[in-house]
Amino acid sequence: QVQLAESGGGLVQAGGSLRLSCAASGRTFSDTAMGWFRQAPGKEREFVAAISSSARSTPYADSVKGRFTISRGSARNMVSLQMDSLKPEDTAVYFCAMRTTIWASSREEDFTYWGQGTQVTVSS
């Protein structure tokens with residue numbers, strides 16, 4: 001069984017930055033794509049960013065493009081999300097997710113494993 005653990009959420013003022021991290025443990029795969037999704041109160045979960053196993057493919061949601069950066073850690077099953085120029089509308093629970101293939105995807109249904117989520121709150 002794979003476990004994903006997110007960290008780095010918190011409260012920040014608009015215009016500020018946060019860095020989210022996600023580490024996979026348990027029965028992990030040698031090369032997998034990973035991603036971040038978020039769910040704001042009263043809304044459906046939505047795609048934020050993803051990264052392929054090689055890190056050569058990094059799709060982003062239009063709403064975060066140019067402000068957020070996804071990257072892989074030195075360990076293959078770690079991923080981070082650097083969030084800059086945060087806006088109140090970025091407030092949400094952020095989820096880390098893992099595929100069982102090497103290809104990045106923006107589709108929620110393509111991801112097999114999910115973390116519990118970490119709260120990000122951006123005040124105006």
Side-chain angles (χ1 to χ4, degrees):
Q1 190 72 6
V2 175
Q3 293 85 39
L4 300 179
E6 303 100 337
S7 61
L11 173 65
V12 65
Q13 288 188 332
S17 298
L18 280 176
R19 185 177 182 87
L20 304 183
S21 296
C22 173
S25 61
R27 185 179 174 270
T28 56
F29 299 87
S30 59
D31 287 290
T32 62
M34 299 184 75
W36 290 95
F37 291 75
R38 67 186 182 186
Q39 186 168 21
K43 295 187 177 181
E44 294 187 351
R45 189 157 57 184
E46 65 176 5
F47 169 73
V48 175
I51 188 166
S52 64
S53 173
S54 68
R56 284 196 286 266
S57 175
T58 54
Y60 292 92
D62 289 342
S63 59
V64 307
K65 203 171 294 183
R67 301 188 297 120
F68 291 11
T69 304
I70 190 171
S71 61
R72 301 195 77 103
S74 56
R76 297 301 295 169
N77 289 328
M78 293 186 65
V79 65
S80 295
L81 184 69
Q82 177 66 38
M83 306 186 294
D84 299 319
S85 302
L86 283 161
K87 304 175 181 180
E89 51 263 44
D90 294 318
T91 295
V93 176
Y94 284 71
F95 298 90
C96 174
M98 175 186 283
R99 299 196 68 189
T100 56
T101 72
I102 64 174
W103 308 110
S105 173
S106 62
R107 304 194 315 166
E108 187 173 336
E109 58 267 34
D110 287 343
F111 289 81
T112 303
Y113 301 102
W114 292 83
Q116 293 297 309
T118 185
Q119 177 70 47
V120 170
T121 303
V122 184
S123 64
S124 57

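Looking at Glu46, its side chain never comes within 3.5 Å of a backbone N or O of Glu44 through a donor-acceptor pair. Looking only at distances, a side-chain donor or acceptor of Arg72 sits under 3.5 Å from a matching main-chain atom of Ser52. No donor-acceptor pair closer than 3.5 Å links the side chain of Glu108 to the backbone N or O of Phe47.
Rounding to the nearest 0.5 Å places CD of Gln3 at 10.5 Å from CE of Met98. In this structure, OG1 in Thr69 is found 11.0 Å from CE in Met83, a value given to the nearest 0.5 Å. The line from OG1 of Thr58 to NZ of Lys65 is 9.5 Å long, rounded to the nearest 0.5 Å. The line from CH2 of Trp36 to CD1 of Ile51 is 12.0 Å long, rounded to the nearest 0.5 Å.
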Between side-chain atoms of residues 10-25 and protein atoms elsewhere (two or more places apart, or another chain), which donor-acceptor pairs fall under 3.5 Å?
residue	atom	partner	partner atom	Å
Ser17	OG	Asp84	OD1	2.7
Arg19	NH1	Gln82	OE1	3.1

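With sequence neighbours left out, the salt bridge (charged side-chain N to carboxylate O under 4.0 Å, His left out) criterion links Glu109 to Arg107. Residues passing the side chain to side chain donor-acceptor pair (under 3.5 Å) test with Thr118, sequence neighbours excluded: none. For the side chain to side chain donor-acceptor pair (under 3.5 Å) test, no residue two or more places apart in sequence or in another chain qualifies with Arg56. Residues satisfying the ring-ring contact (aromatic ring centres under 6.0 Å, His included) test with Tyr94, not counting sequence neighbours, are none. With sequence neighbours excluded, no residue forms a side chain to side chain contact (heavy atoms under 4.5 Å, CB included) with Ala5. Judged as a side chain to side chain contact (heavy atoms under 4.5 Å, CB included), and not counting sequence neighbours, the contacts of Ala97 are Phe37, Phe111, Trp114. For the side chain to side chain donor-acceptor pair (under 3.5 Å) test, no residue two or more places apart in sequence or in another chain qualifies with Gln39. With sequence neighbours left out, Phe68 forms a ring-ring contact (aromatic ring centres under 6.0 Å, His included) with no residue at all. With sequence neighbours left out, Lys43 forms a side chain to side chain donor-acceptor pair (under 3.5 Å) with no residue at all.
Leu86 and Phe95 are not part of a single hydrophobic cluster, where members link through side-chain heavy atoms under 4.5 Å apart. Residues Val48 and Tyr60 fall within the same hydrophobic cluster, defined by Ile, Leu, Val, Met, Phe, Trp and Tyr side chains chained together at heavy-atom separations under 4.5 Å.
Heavy atoms from other residues, nucleotides or ligands lying under 6.0 Å from CD of Gln116 number 12 at most.
Between Cys96 and Val79, the shortest heavy-atom distance links the atoms SG-CG1, 4.0 Å. Here the closest heavy-atom approach between residue Ala50 and residue Ser105 is recorded as CB-O, 3.3 Å. Shown here for Pro88 and Ser124, the closest heavy-atom pair between the two residues is CG-CB, 3.8 Å.
Residue pairs that meet the salt bridge (charged side-chain N to carboxylate O under 4.0 Å, His left out) test with at least one member in residues 88-97, sequence neighbours left out, are Arg38-Asp90, Arg67-Asp90.
Annotation for Ile102: hydrophobic cluster partners, listed by chain and number, are Trp103 (ILVMFWY side-chain heavy atoms under 4.5 Å, direct or chained).
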